[in-house]
Amino acid sequence: MKKGLLSLILAALMVVAAFAVVGCSATEEAVDDVQATADWTLADAVRGDGKTLVVATDPTYPPFESRDGGEVVGFDIDLVKAIAEKMGAEVEFVFFEWDALLTALSSDSRDFDFAASAMTITEERAQSILFSNPYFVSFQALGVPADSNITSISDLGEGSRVGVQTGTTGHIFATDYLEDKGVTIMPYAGGQDTFLAMSSGEVDAVILDIPVVLNQAAEGDFAIKTIPIPSAEQENFGFSMGKSRTGLAEAINDALAAVIADGTYAEIYARWIDADNPPTMP
């Protein structure tokens, strides 16, 4: 599922991200074989078997996470597996709808160890959710039918209908930017639901992360075009967990740094996001 089609728009939008510097950049100190930090071990995991991490995800957001038959696949999924391998762990994925996932994280649920679901790190979320170091740079984008006369977000106005995934930063952006212009914001439970709504004519456009829109343009049955949003700010994704799980966050950060340092991250990025350009790290 290489996404060579993503190269032009995605690379252009992410140029500005090259100047951002945060803690998850790989360093020479990142080791090849990472074990859990002193204050957290696999014995502390939900399953309690000393070997399995239970990871929650909303599998409706390709190329990051989706279902392929009975299997969950995607960029986040492969990255979690690589991180777990560094930690000497196996992985079990459990599925949550987006709103339920946010609620479980905020309540420090013990139904899973952490979540991997293309979640943007925001100040508001960080008040009740603990995030790992960021692992992906993204921006919001507009998706419209291929034959639409919409050419920019400024073409949306009174009477326009825009689909979003409820509770996401795309939902927040659309509400803040478009609602006072008379645009009707229509939230849906899953990312793929927004595209189904657009294909049936329920909405005129969708706002989602640009890799998701580009993935749909490349892989979907319904022809769409992707329109960058110049006013959209850079977003950084992080793995998320209950606020009490500081030791687990440190272990994930160490393993993530090692996966970046040994080239595994770049391989996963080429497989799912862009085979023609190296990743821009947060």
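Without hydrogens or angle criteria, Asp44 side chain to Thr41 main chain gives a donor-acceptor distance under 3.5 Å. Not a single donor-acceptor pair under 3.5 Å links the side chain of Ser132 to the backbone N or O of Asn253. A donor-acceptor pair under 3.5 Å is absent between the side-chain atoms of Thr184 and the main chain of Arg161, judged by distance alone. Counting only distance, with no hydrogens or angles, the side chain of Lys243 and the backbone of Ala126 share a donor-acceptor pair below 3.5 Å. A donor-acceptor pair under 3.5 Å links the side-chain atoms of Ser160 to the main chain of Gly157, judged by distance alone.
Counting heavy atoms from C-beta outward, Leu248 and Leu53 have side chains that approach closer than 4.5 Å. Put simply, the side chain of Val164 reaches to within 4.5 Å of the side chain of Ile185, judged on heavy atoms. A 4.5 Å side-chain heavy-atom check between Asp58 and Phe96 finds every atom pair outside the cut-off. Residues Tyr269 and Phe136 have side chains in contact (heavy-atom distance under 4.5 Å, counting atoms from C-beta outward). At a threshold of 4.5 Å between non-hydrogen side-chain atoms, the residues Asp155 and Asn149 do not count as touching. With a 4.5 Å cut-off on side-chain heavy atoms, Leu42 and Trp40 count as touching. In this structure, Pro211 and Trp272 have side chains that are not in contact, with every pair of non-hydrogen atoms separated by 4.5 Å or more. Annotation: side chain of Glu92 is not in contact with side chain of Val46 (no heavy-atom distance under 4.5 Å).
Each of Glu202, Gln165, His171 was scored for a side-chain contact (heavy atoms from CB on, under 4.5 Å) with Tyr188, with one residue passing: Glu202.
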As a quick check of understanding, evaluate side-chain contact (heavy atoms from CB on, under 4.5 Å) for Tyr61 and Ser117, giving each step before the final call. CA-CA 8 Å; Tyr61 213 62; Ser117 207; over 6 Å; no

Candidate pair Val259 and Glu85, rule side-chain contact (heavy atoms from CB on, under 4.5 Å), full reasoning: CA-CA 10 Å; Val259 167; Glu85 183 176 355; over 6 Å; no

As a quick check of understanding, evaluate side-chain contact (heavy atoms from CB on, under 4.5 Å) for Phe195 and Asp221, giving each step before the final call. CA-CA 10 Å; Phe195 294 115; Asp221 297 329; over 6 Å; no

Determine whether Leu178 and Ile207 satisfy the following criterion, side-chain contact (heavy atoms from CB on, under 4.5 Å), listing intermediate values before the conclusion. CA-CA 11 Å; Leu178 295 172; Ile207 292 181; 3.8 Å; yes

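In this structure, CG in Leu142 is found 8.5 Å from OG in Ser148, a value given to the nearest 0.5 Å. Taking CG of Asp78 as the start and CD of Glu65 as the end, the distance is 11.0 Å to the nearest 0.5 Å. Interatomic distance, OG of Ser66 versus CD of Glu71, reported as 10.0 Å (0.5 Å rounding). In this structure, CG on Leu208 lies 9.5 Å from CD on Gln216, to the nearest 0.5 angstrom. With rounding to the nearest 0.5 Å, the separation of CG in Asp113 from CZ in Arg245 is 4.5 Å. Annotation: the span from Met241 atom CE to Thr246 atom OG1 amounts to 10.0 Å, rounded to 0.5 Å.
No continuous path of ILVMFWY side-chain contacts below 4.5 Å connects Phe114 to Val94, so the two sit in separate hydrophobic clusters. Follow the hydrophobic side-chain contacts under 4.5 Å out from Val54 and you never reach Val91; the two are in separate clusters. Cluster annotation: Ile121 and Leu102 are assigned to the same hydrophobic cluster (Ile/Leu/Val/Met/Phe/Trp/Tyr, side-chain heavy-atom contacts under 4.5 Å, transitive). Put simply, Val80 and Phe112 are part of two different groups of oily side chains (I, L, V, M, F, W, Y) that touch within less than 4.5 Å, one to the next. Met119 and Ile273 fall into different hydrophobic clusters, where Ile, Leu, Val, Met, Phe, Trp and Tyr residues are linked whenever their side-chain heavy atoms come under 4.5 Å apart, directly or through other members.
Aromatic pair Phe237/Phe131: centroids not less than 6.0 angstrom apart. Between Tyr135 and Phe239, the gap from one ring centroid to the other is short of 6.0 Å.
Counting side-chain heavy-atom gaps under 4.5 Å among Ile, Leu, Val, Met, Phe, Trp and Tyr, Leu196 is found in no cluster with other residues.
Shortest non-hydrogen contact noted between Val144 and Met198 is CA-SD, 3.7 Å. Residue Ala232 comes nearest to Gln140 through the heavy atom pair CB-O, 3.8 Å, listed as atom of the first residue, atom of the second, then distance. Annotation for Arg125 and Thr120: closest pair NH1-O, 2.9 Å, computed over non-hydrogen atoms. Minimum heavy-atom separation, Val137 to Gln234: CG1-CG, 3.7 Å. Pro59 and Val72 get closest at one heavy-atom pair: CB-CG2, 4.2 Å. Scanning both residues, Val213 and Ile224, for their nearest heavy atoms gives O-CD1, 3.7 Å.
Annotation for Lys181: atom NZ counts as buried by contact number, over 12 foreign heavy atoms lying within 6.0 Å.
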